Amino acid sequence: MLHALALLLTHRCNLSCSYCYQRDRSFPARMPWSTAQAAIDLLQTGVSAKAAVELSGGEPTLEPALLRRCVEYLRSAAPPDVVVDCSLTTNGTLVDDELLAFLADHDVRLDLSFDGVLAAQEVRGAGSYPTLDGLLVRARNQHPRYFDQRLTVRMVVQ
């Protein structure tokens, strides 16, 4: 019986972090919907009362239609007595207000990779610090409960 599932929606990324373990992998650039659907179906076959699904990559927001389809299918297909904790692990640079609202509306935990200080973040992607700082401000202002309960900042320290 499965209790957790990680869907790598793509291996592509819009940043080039020196510490990323996904960079040198060679597998299809994009997960086909049929694979994602089959994995979600497998998770929900005989699932216990609690399960977890992580959407990640590369950078999963490079595949916004697939990301949304996975979340919507997961939420519609889950048995009513099963709690599925869905999360998105992202560098956050492509999370706009529309995607942020979608994540909040569908109770998708946001695991934001943000190295915290300007100099560290600039190593990952020039100009990404103000983008992520702005995302945190918008999340706090537009979705305060979501910000408090479902947003996590993950930092890599070298």
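Keep in mind it's a predicted model, so treat the numbers as computed, not measured.
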Going by distance alone, is a donor N or O of one side chain under 3.5 Å from an acceptor N or O of the other, for [X] and [Y]?
| X | Y | result |
| --- | --- | --- |
| Glu59 | Thr10 | no |
| Thr93 | Asn14 | yes |
| Ser128 | Glu122 | no |
| Ser113 | Arg124 | yes |

Minimum heavy-atom separation for Gly127 to Thr131, with atom names? O-OG1, 3.5 Å
Quick one: closest heavy-atom pair of Leu8 and Ser56, and the distance?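 So the two residues come closest at CD2-OG, 3.2 Å.
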Are the side chains of [Y] and [X] in contact, using a 4.5 Å heavy-atom criterion?
| X | Y | result |
| --- | --- | --- |
| Met31 | Leu7 | yes |
| Leu88 | Leu112 | no |
| Asp97 | Arg138 | yes |
| Leu55 | Cys86 | yes |
| Arg109 | Asp111 | yes |

Which is it for Leu5 and Glu54 under the side chain to side chain contact (heavy atoms under 4.5 Å, CB included) test, yes or no, and what are the steps along the way? CA-CA 6 Å; Leu5 178 66; Glu54 176 191 10; over 6 Å; no
Mind checking the [atom1]-[atom2] spacing from [X] to [Y]? Nearest 0.5 Å is all I need.
| X | Y | atom1 | atom2 | answer |
| --- | --- | --- | --- | --- |
| Leu103 | Ser87 | CG | OG | 10.5 Å |
| Leu94 | Leu99 | CG | CG | 9.0 Å |
| Met155 | Phe114 | CE | CZ | 8.0 Å |
| Tyr146 | Asp105 | OH | CG | 10.0 Å |
| Leu136 | Leu132 | CG | CG | 7.0 Å |

Does the ring of Phe102 carry Arg68 above it, NZ/CZ under 6.0 angstrom from centre and within 45° of its axis? yes
Would you please test Thr35 and Gln37 for side chain to side chain contact (heavy atoms under 4.5 Å, CB included) and show each step? CA-CA 5 Å; Thr35 302; Gln37 183 181 28; over 6 Å; no
Note: Arg150-Asp85 ion pair, threshold 4.0 Å (strictly below):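 Salt bridge present between Arg150 and Asp85.
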Could you tell me whether Arg12 and Glu63 make a salt bridge, using a distance below 4.0 angstrom between a side-chain N and a carboxylate O?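 Answer for the salt bridge query: yes.
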Mind checking whether [X] and [Y] sit in one hydrophobic cluster, side chains of I, L, V, M, F, W, Y counted as touching below 4.5 Å?
| X | Y | result |
| --- | --- | --- |
| Val137 | Leu110 | no |
| Val153 | Val123 | no |
| Leu151 | Val108 | yes |

Would you please name every residue forming a salt bridge (Lys or Arg N to Asp or Glu O under 4.0 Å) with Arg69, sequence neighbours left out? none
Test side chain to side chain contact (heavy atoms under 4.5 Å, CB included) on Cys70 and Leu9 and set out the steps. CA-CA 10 Å; Cys70 287; Leu9 302 185; 4.1 Å; yes
Atom pairs and distances, side-chain donor-acceptor, residues 73-84, under 3.5 Å, sequence neighbours left out:
| from | atom 1 | to | atom 2 | distance (Å) |
| --- | --- | --- | --- | --- |
| Tyr73 | OH | Asp41 | OD1 | 2.4 |
| Tyr73 | OH | Asp41 | OD2 | 3.3 |
| Arg75 | NE | His106 | O | 3.0 |
| Arg75 | NH1 | Val84 | O | 2.8 |
| Arg75 | NH2 | His106 | O | 3.1 |
| Arg75 | NH2 | Asp107 | O | 2.9 |
| Ser76 | OG | Glu72 | O | 3.2 |
| Ser76 | OG | Tyr73 | O | 3.1 |

Is there a side chain to side chain contact (heavy atoms under 4.5 Å, CB included) between Val53 and Leu43? Walk through the geometry before answering. CA-CA 9 Å; Val53 174; Leu43 175 71; 3.3 Å; yes
